[in-house]
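Every chain is numbered from 1 and lettered A, B, ... according to where its sequence line falls, protein lines coming before strand lines.
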There are 2 protein chains.
Amino acid sequence: MNRENDLQSAAPPHATREAILAAALDAYSKFGFRGATTRRIAEAAGVNEVTIFRHFGSKDTLLGEALRSIPADELHTRLPEEPRDPAAELSAWSEDQLAHLRGKRSMIRTCMGEIEERPEMTDCAATVPRAAFAELCRYLVRLREAGMAFTDFDERVTAVTLMGALFSDAMGREMMPEIYPPTDRAAREYSGLVLRAIGADDNTRAAFADATGAPRG
Amino acid sequence: MNRENDLQSAAPPHATREAILAAALDAYSKFGFRGATTRRIAEAAGVNEVTIFRHFGSKDTLLGEALRSIPADELHTRLPEEPRDPAAELSAWSEDQLAHLRGKRSMIRTCMGEIEERPEMTDCAATVPRAAFAELCRYLVRLREAGMAFTDFDERVTAVTLMGALFSDAMGREMMPEIYPPTDRAAREYSGLVLRAIGADDNTRAAFADATGAPRG
DNA sequence: CTGAAATGCAAGTAGTTACTTGCTTACATC
DNA sequence: GATGTAAGCAAGTAACTACTTGCATTTCAG
């Protein structure tokens, strides 16, 4: 058995292994679990099919490991601790989220399609949006505490609504491009609408600027 | 050849055919194209596997026909021609949309997962939301024209945001229940937020009631 | 130089898939 | 009662699936 041996031979230590994992991820996101055949993965990785089994034992193990290796991706644009320009800040953050969702839409769609049949394999899909939700909620609370928004809005509903709009845009634009705003304006529009709903848009803030300081306080 | 013969024998004329179509749809929504094996469909339909091929010739034809047979489903709650109580009306409509999305979430998810590999098979998924979008846009315009909302909002962005929130709720709640509002309040919350963004919530309307009649006019 | 480890290649196994063929049974109308 | 049609059943085909085995080749470490 060739287990527990981290001192391989070839130039980059785990080159073959990484190539297989990458190819597996790619095949899975394109064709789903059933469509990600070991033959297809081997070809894409430029590796003999048996090498896959020698490394991972089974297709299930391989794909499980590949999917578990994702989350260590990259952390995204953070929302500032002290909000100054909500419109600009939230728009930039939304743009970033949208870019991430668009880039991973193939994988996200596949995971969604398989979540009922293989729930354990698709956990990975939840970690990023969960983190984004938490981050967004914190920012909205800070907005309120800074007197830059109404005092009585529900930050969770607000956060989930914005994220829903971004998610729907990333998933549905290819299928129904007519119903979405132009790509370059989309993030700004969604975040703008949400800010208007909580009284954190420029107009509302200006109107309340010289009053109590916080609208609806 | 047994084609072009609409005068069958058994009690309900197309009973077998319909059973196969229903089973095919069910299997597809649960397991996707590759997972919807003819054997599985035959078992679910209580029919011999060969009967499937005698009726439809091939699996592709069967699933194509099954998916094309969906849209003649049911039309949904319509938004009133003359808005009276936006909060109640939009909330009820959202509830209805949400119920529909939740009911079909398995099929929707599968279609999303297969849209890249088999785009022609998943057209069906777009017709319902397209119609809903159009209906919602029309209602929002009527709201504006009736002086029940701001005059300067973008009804398309507003519509797509609300629909995005509903879509995200229906698709994501199982995976991340913590981030969504309680099921029974969700539709009301999303529609309420959106109405606040366009000045059509009860508070804003009351504030502008005795002024020009239309906020931000 | 030697040996072990990583990989490739050829071949094979057993299960599954879509789909076919041939024959039989049941019903239903004429 | 004859005819035809829909359906079942048994069996088989060719392709593909995950996975295995045995053997040869490369490569690098000691």
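Qualifying side-chain contact (heavy atoms from CB on, under 4.5 Å) partners for B:Leu101, counting only residues two or more places apart in sequence or in other chains: B:Ile108, B:Leu166, B:Ala170. With sequence neighbours excluded, no residue forms a side-chain hydrogen bond (donor to acceptor under 3.5 Å, both in side chains) with B:Glu145. For B:Arg156, the salt bridge (Lys or Arg N to Asp or Glu O under 4.0 Å) test picks out no residue, with sequence neighbours left out. A search for side-chain contact (heavy atoms from CB on, under 4.5 Å) contacts involving B:Asn48 returns B:Val50, B:Thr51, not counting sequence neighbours. Residues forming a side-chain contact (heavy atoms from CB on, under 4.5 Å) with B:Pro182 (at least two apart in sequence, or on another chain): B:Asp184, B:Arg185. Residues passing the side-chain contact (heavy atoms from CB on, under 4.5 Å) test with A:Glu18, sequence neighbours excluded: A:His14.
Dashed line: the shortest gap from a side-chain N or O of A:His55 to OP1 or OP2 of C:dT7 is under 4.0 Å.
Distance CD (B:Glu43) to C1' (C:dT17): 14 Å, rounded to an integer number of Å. The nearest whole Å value for the distance from the CZ atom in A:Phe56 to the C1' atom in D:dT20 is 18 Å. Per the geometry, CZ belonging to A:Phe53 stands 12 Å off P belonging to D:dT21, to the nearest Å. With rounding to whole Å, A:Leu62 atom CG is found 15 Å from D:dT17 atom P. Between the NZ atom of A:Lys59 and the P atom of C:dA14 there is a distance of 21 Å, given to the nearest Å. Atom CZ in B:Arg17 sits roughly 17 Å away from atom P in D:dT5 (whole-Å rounding). Look at CD1 on B:Ile52: it is 13 Å from P on D:dC9, rounded to the nearest Å.
Residues from residues 34-41 of chain B that place a heavy atom under 4.0 Å from any atom of DNA chain D: there are none. Near DNA chain C, meaning a heavy atom under 4.0 Å from it, residues 18-29 of chain A has no residue at all.
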Would you mind writing out the side-chain donor-acceptor pairs for residues 23-31 of chain A within the sub-3.5 Å range, not counting sequence neighbours?
unit_1  : atom_1 : unit_2  : atom_2 : d
A:Asp26 : OD2    : A:Lys30 : NZ     : 2.8
A:Ser29 : OG     : A:Asp26 : O      : 3.1

Under 3.5 Å, which donor-acceptor pairs link side chains of residues 129-140 of chain A to any protein atom two or more places apart or in another chain?
unit_1   : atom_1 : unit_2   : atom_2 : d
A:Arg130 : NH1    : B:Glu178 : OE1    : 3.0
A:Arg130 : NH1    : B:Glu178 : OE2    : 3.1
A:Glu135 : OE1    : A:Arg78  : NH2    : 2.6
A:Glu135 : OE2    : A:Leu79  : N      : 2.6
A:Tyr139 : OH     : A:Glu89  : OE1    : 2.5

Please list each protein N or O that sits under 3.5 Å from an N or O in nucleotides 8-11 of chain C, with the distance.
unit_1 : atom_1 : unit_2  : atom_2 : d
C:dG8  : OP2    : A:Asn48 : N      : 3.1
C:dG8  : OP2    : A:Thr51 : OG1    : 2.4
C:dG8  : N7     : A:Arg54 : NH2    : 2.6
C:dG8  : O6     : A:Arg54 : NH1    : 3.2
C:dG8  : O6     : A:Arg54 : NH2    : 3.1

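Figure legend: B:Lys59 and B:Phe33 shown as a cation-pi pair, the cationic atom lying under 6.0 angstrom from the six-membered ring centre and within 45 degrees of its axis.
Between the OG atom in A:Ser91 and the CG atom in A:Asp85 there is a gap of 9.5 Å [rounded to 0.5 Å].
Listed by first and then second residue, the salt bridge (charged side-chain N to carboxylate O under 4.0 Å, His left out) pairs that reach into residues 40-50 of chain B come to none, sequence neighbours excluded.
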